[in-house]
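Structure record follows, encoded as structure tokens.
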Amino acid sequence: VYLSPIGLKMVNEGSGRTLIAKSPDWKIAVFDDDTKLFFVATQEQFAHADFVNAFNLVYSQRQIVPLKTSVHSTIAGIKVTEYMAGGDKALPKSHTKEVAYWVAEDTGLPLVVCKVYAIVCGLPKLPGITLRASYPPRIEMKVNNVETISAAKMKFTDDFFKYPSGFKKADNMRQLLFNQD
């Protein structure tokens with residue numbers, strides 16, 4: 001994950017997909033290296049697309065309203081504040097544990113970067129970047145937690161957030177993510 005005031009880029013080498021969102025419109029583009037397909041959506045379209053990631057499927061971000069706690073810590077050298085979402089309606093009654101989010105609030109990134117990051121990760125909107133999210137398990141369903149293990153400041157080349165060439169536009173997000181090939 002690469003974050004800057006002018007763009008966000010997530011590279012998943014395992015799936016061969018890259019996601020890019022950048023100023024000025026902050027649309028979200030997903031590129032698939034295997035199929036050479038790409039799809040661009042607005043933030044709203046992406047958040048409500050046919051495709052839902054594991055976080056959205058298991059814990060609807062619309063139903064989670066985390067509250068800031070007074071607990072502070074450091075993750076990968078970055079100061080974070082804990083937010084808790086207890087009593088979440090998306091959680092089954094058998095799971096009374098709270099959902100915890102560790103949020104870096106003082107990154108210097110514009111709120112739009114934080115918002116786009118939350119959308120693409122299926123996280124609730126928080127005033128910063130979530131570096132750790134811990135969810136209680138659901139019956140017969142693996143839950144992906146967020147865990148930041150390292151962070152570094154770096155300079156980006158002028159074309160770092162540029163869309164790659166040689167890709168054909170998919171008709172919709174589902175075609176790109178669930179291609180039969």
Side-chain angles (χ1 to χ4, degrees), residues 1-57 59 61-62 64 66 74-81 83 101-133 144-179:
V1 177
Y2 303 92
L3 303 167
S4 93
I6 63 163
L8 174 149
K9 186 174 188 176
M10 299 174 116
V11 179
N12 185 332
E13 293 175 0
S15 72
R17 294 195 183 103
T18 299
L19 181 145
I20 298 173
K22 59 185 178 175
S23 66
D25 61 12
W26 293 98
K27 288 184 178 177
I28 299 167
V30 181
F31 299 84
D32 187 303
D33 288 337
D34 295 333
T35 63
K36 290 298 184 191
L37 292 173
F38 80 100
F39 188 75
V40 179
T42 65
Q43 295 171 38
E44 292 76 21
Q45 290 167 330
F46 191 90
H48 299 35
D50 292 337
F51 161 73
V52 291
N53 65 36
F55 290 130
N56 287 336
L57 179 62
Y59 300 99
Q61 56 184 325
R62 292 182 205 212
I64 295 177
T74 302
I75 297 175
I78 301 171
K79 292 179 184 178
V80 292
T81 301
Y83 283 73
Y101 302 92
W102 294 90
V103 180
E105 298 173 308
D106 298 324
T107 61
L109 294 170
L111 285 179
V112 67
V113 175
C114 302
K115 178 184 175 189
V116 172
Y117 176 80
I119 289 170
V120 300
C121 292
L123 296 165
K125 284 189 269 182
L126 290 161
I129 300 295
T130 300
L131 298 185
R132 179 181 293 152
N144 293 325
N145 292 313
V146 174
E147 184 66 40
T148 302
I149 55 172
S150 67
K153 285 188 175 185
M154 59 190 294
K155 292 190 180 225
F156 298 109
T157 60
D158 291 343
D159 63 348
F160 186 78
F161 297 103
K162 183 179 176 185
Y163 290 171
S165 59
F167 288 78
K168 180 182 173 189
K169 188 172 183 185
D171 295 329
N172 55 50
M173 184 72 81
R174 183 171 289 283
Q175 179 189 5
L176 178 118
L177 297 177
F178 301 107
N179 189 295

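Under the 30°/60° scheme for interplanar angles, the aromatic rings of F160 and Y2 are found to stand perpendicular.
Atoms OG1 and CD, from T130 and E105 in turn, are 10.0 Å apart once rounded to the nearest 0.5 Å. Between the CD1 atom of I78 and the CH2 atom of W102 there is a distance of 14.5 Å, given to the nearest 0.5 Å. In this structure, the separation between CZ on R17 and CG on D33 is 10.0 Å, given to the nearest 0.5 Å. Note that the CG atom of D25 and the CD atom of Q43 stand 9.0 Å from one another [nearest 0.5 Å]. With values rounded to the nearest 0.5 angstrom, T18 atom OG1 is found 8.5 Å from E13 atom CD. Atom-to-atom distance recorded for Y163:OH and K27:NZ is 8.0 Å, nearest 0.5 angstrom.
In this structure the side chain of I6 never reaches within 4.5 angstrom of the side chain of F156, judged on heavy atoms. Counting heavy atoms from C-beta outward, V80 and V103 have side chains that stay 4.5 Å or more apart. Using a 4.5 Å cut-off on side-chain heavy atoms (C-beta onward), K79 and D106 make no contact. Looking at F39 and D171, their side chains never come closer than 4.5 Å, going by heavy atoms from C-beta outward. Using a 4.5 Å heavy-atom threshold, the side chains of Q175 and L37 count as touching. The shortest side-chain heavy-atom distance between I20 and P164 falls under the 4.5 Å cut-off. The shortest distance between side-chain heavy atoms of I119 and I28 falls below 4.5 Å. Side-chain contact check for F38 versus K168: every heavy-atom pair is 4.5 Å or farther apart.
For NZ of K162, the number of neighbouring non-hydrogen atoms (other residues, nucleotides, ligands) closer than 6.0 Å is 12 at most. Counting non-hydrogen atoms of other residues, nucleotides and ligands closer than 6.0 Å to CG of N12 gives a total above 12.
Scanning both residues, Y83 and P66, for their nearest heavy atoms gives CB-CB, 3.8 Å. Residues A118 and P124 come closest through the heavy atom pair CB-O, 3.7 Å. Looking at every heavy atom in both residues, D32 comes nearest to F167 through O-CE2, 3.2 Å. The nearest pair of heavy atoms linking V113 to L8 is O-CD1, 4.2 Å. Residues C114 and G128 come closest through the heavy atom pair CB-O, 3.4 Å. Shortest non-hydrogen contact noted between L19 and F46 is CD1-CZ, 4.0 Å.
Under a 3.5 Å cut-off, the side chain of T74 and the backbone N or O of G77 do not form any donor-acceptor pair.
A search for side-chain hydrogen bond (donor to acceptor under 3.5 Å, both in side chains) contacts involving D159 returns T157, not counting sequence neighbours.
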Would you please test T107 and L3 for side-chain contact (heavy atoms from CB on, under 4.5 Å) and show each step?
CA-CA 10 Å; T107 61; L3 303 167; over 6 Å; no
Take L109 and Y117 through the test side-chain contact (heavy atoms from CB on, under 4.5 Å) and record every step on the way to the result.
CA-CA 11 Å; L109 294 170; Y117 176 80; over 6 Å; no
